[in-house]
Amino acid sequence: MSETRDEGIIEENLNEILRVRREKLAKLRQAGKDPFKITKFNPTHKSITILNEFESLENQEVVIAGRIMTKRVMGRASFAHILDSEGQIQIFVQINELGKEAYEDFKAMDIGDIIGVKGDVFRTKKGEISVRAKEITLLAKSLQPLPEKWHGLKDTDLRYRQRHVDLIVNPDVKKTFIIRSKVIQQIRNYLDARGFIEVDTPILHNTAGGAAARPFITHHNTLDIDMYLRIATELHLKRLIVGGFDKVYEMGRIFRNEGMSIKHNPEFTSIELYQAYADYEDMMDLTEDMIATVAKEVLGTTQIEYQGQPIDLTPPWKRMTMIDAVKEYTGIDFNSFTEDEEAARALKEIGIDLDKPVTWGEALNIAFEERVEDKLIQPTFIINYPVEISPLAKRMNEDPRLTYRFELFITGRELANAFSELNDPIDQKERFMEQAKQRAAGDEEAHMMDEDFVNALEIGMPPTGGLGIGIDRLIMLLTDSYSIRDVILFPTMKPRD
RNA sequence: GACCCAUUAGCUCAGCUGGUAGAGCACUUGACUUUUAAUCAAGGAGUCCGGCGUUCGAAUCGCCGAUGGGUCACCA
């Protein structure tokens, strides 16, 4: 091994590609051309702007900057493609424009290097809009080779672990995250325009409430207490309704210590919003209008396709009670049962085995989840959920076994969950106590008792509609992404040895 | 958590019933002043995911493990 340690950058045992690039960097430094000493560069144009506005820019001087993606050297003239944040543009490099030394420097540059190019816009003989380089500045040396130019990076492990490389070589990935950003922006626009205010509630919770999920536990050293990463924003947002904000929302990260799948990541983004003096019907209206509006703003249409299935987001969306949905798909009419046992027997008759006794409401929900949920492809609001599984929703006046709650299903997946919020503190406390019983019986996902929240309800919360939407799943739908990992920039990964 | 599949050069992938590790891109050297998967010539590049075993001999067969993907379970 050659011990060229003077520059501190030639390490031993590197493969040839890495060694060669480090040697090139060392040479640049020796020649006083260290690219990493450059602090600033001022491009005047983006690649796509030049392509789009060629007529007015032809023969004009522009300055662009970006990454070399391809390079074709032919003796005294060369072509390369430069990738910037918007796209790619070709540059044409000739020895008699640059001079011998600069041309040799260019020839030594590698795919992956970041360069700045000053030159005139023109069209090549083959018709491609290009920049004829008059000056090329190396702005950063790339010491690692990029993946191959036409297959890109396919290995999912590498794509998720090295998202920066994925973004460079797979243009669709960047497109997905641009849409993600726009969707989030449009949701904010929509709500802001309707008088909602965006708030930030704590992520570190003393009680992990607002959902049925196992939390991540962490520790605060000074207070010497365990704390939970939030599993929902619900209980704090409702406190704000008590406090007199009539319309609030929070979009942010939620953490659930549960399994991972194409639909689940341990940390994900939700939006919850609450509107005083509104009910769950209002929340349905808002949900379908907001999602359709966002789709139109971002994609230009409410007719989309998800994994080959056409999906029509044009409102109004189908609304169906859970009882009717179960009746439609299984023939079982839960309205006809008055006893828990009858309901359980009906499940057995359609081949659903139970490992423990269930209530009427639990049986209804099991029938729905087992036999209906994945068939709801077009947007469908399933309304009126059993009270046992809805400890934060208001009981229906018409049937105290049910609540004013809905979930939204699209492509067989739950996208939103909403209710007329339970604001009766006595009922809320009883529901928490029921949950606490289940928790004591070993259900780690049952809700925790939150006395402080009950106290807030005792102060008095107006009738309120609340809505939660899984942002990642919405983005999956709108970007036709198969896995939640394709809409999260840095999905949770196991560390490698 | 269970089961199935994958892991070979920087990347994308071949590698048959066990017999000297391959291709394309990328890289190096040379030629080339309008290429665009540039071309032509030559060259270098490997912990075949890791460990153990079977065997005269293992990328290939077996067992254990790692990571990823998928299906199921879990996720009101």
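Figure legend: cation-pi geometry between A:Lys318 and A:Phe409 absent, as NZ or CZ is not positioned both under 6.0 Å from the six-membered ring centre and within 45° of its axis. Judged by the 6.0 Å distance and 45° axis criteria, A:Arg132 is positioned over the aromatic ring of A:Phe122. A cation-pi geometry, defined here as NZ or CZ lying under 6.0 Å from the six-membered ring centre and within 45° of its normal, does not hold between A:Arg256 and A:Phe268.
For the C1' atoms, the distance from B:G50 to B:C75 is 33 Å, rounded to whole Å. For the P atoms, the distance linking B:A23 with B:A6 amounts to 24 Å, nearest Å. Using atom C1' as the reference point in both B:C3 and B:G22, the two lie 34 Å apart (nearest Å). Here the separation of B:A21 from B:C4, taken at their C1' atoms, is 28 Å to the nearest Å. For the P atoms, the distance from B:C32 to B:G69 is 49 Å, rounded to whole Å. Taking the C1' atom of each, B:G15 and B:U8 are spaced 9 Å apart, rounded to whole Å. Spacing between B:U20 and B:G65 at atom P, rounded to whole Å, works out to 32 Å. B:A41 sits 44 Å from B:A66 when the C1' atoms are compared, rounded to a whole Å.
One can place CD of A:Glu388 at 10 Å from C1' of B:A76, the figure rounded to the nearest angstrom. Summarising the geometry, the separation between CG on A:Asn257 and C1' on B:C75 is reported as 12 Å, rounded to the nearest angstrom. Counting to the nearest Å, the P atom of B:C27 and the CD atom of A:Glu23 are 15 Å from each other. When rounded to the nearest whole Å, the span between CD1 of A:Ile111 and C1' of B:U28 equals 14 Å. Distance A:Lys356 NZ to B:C74 P: 11 Å, rounded to the nearest Å. Note: CG (A:Asp157) to C1' (B:C11) measures 14 Å, nearest angstrom. What separates CD1 of A:Ile484 from P of B:G69 is a distance of 13 Å, to the nearest Å. Per the geometry, NZ belonging to A:Lys149 stands 12 Å off C1' belonging to B:C27, to the nearest Å.
The shortest side-chain heavy-atom distance between A:Ile68 and A:Ile115 falls under the 4.5 Å cut-off.
Of the charged side-chain nitrogens involved, at least one lies within less than 4.0 Å of a carboxylate oxygen, so that A:Lys134 and A:Asp120 count as a salt-bridged pair. A salt bridge between A:Glu444 and A:Arg214 is present, with a side-chain N of the basic residue lying under 4.0 Å from a carboxylate O of the acidic one. The pair A:Lys394-A:Asp424 does not count as a salt bridge, with every side-chain nitrogen at least 4.0 angstrom from each carboxylate oxygen.
Rounded to the nearest 0.5 Å, atoms CG (A:Asn52) and NE2 (A:His45) are 11.5 Å apart.
The shortest distance between the side-chain N/O atoms of A:Lys125 and the OP1/OP2 oxygens of B:U33 is not below 4.0 Å. Taking side-chain N and O atoms only, A:Lys494 has no distance below 4.0 Å to OP1 or OP2 of B:A66.
Across all strands shown, B:G30 forms a Watson-Crick or G-U wobble pair, both distances under 3.5 Å, with B:C40. Across all strands shown, B:G68 pairs with B:C5; the Watson-Crick or G-U wobble distances both stay below 3.5 Å.
Closest approach to the A:Arg72 side chain among B:G68, B:C32, B:U36 is made by B:U36 (side chain taken as heavy atoms from C-beta onward). Closest to the side chain of A:Arg161, from the set B:G68, B:C32, B:G69, is B:G68.
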Extract from the structure each pairing of a protein N or O with an N or O of nucleotides 2-10 of chain B at less than 3.5 Å, listing the distance.
{"residue": "B:G10", "atom": "OP1", "partner": "A:Asn15", "partner atom": "ND2", "Å": "3.0"}

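In the region residues 391-419 of chain A, proximity to RNA chain B at under 4.0 angstrom, judged on heavy atoms, holds for A:Pro391, A:Arg405, A:Asn417.
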Where do A:Lys71 and A:Asp110 land on the salt bridge (Lys or Arg N to Asp or Glu O under 4.0 Å) test, with the steps shown first?
-> CA-CA 8 Å; A:Lys71 200 167 158 239; A:Asp110 290 298; 5.8 Å; no
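Annotation for A:Gly210 and A:Glu234: closest pair O-OE1, 3.7 Å, computed over non-hydrogen atoms.
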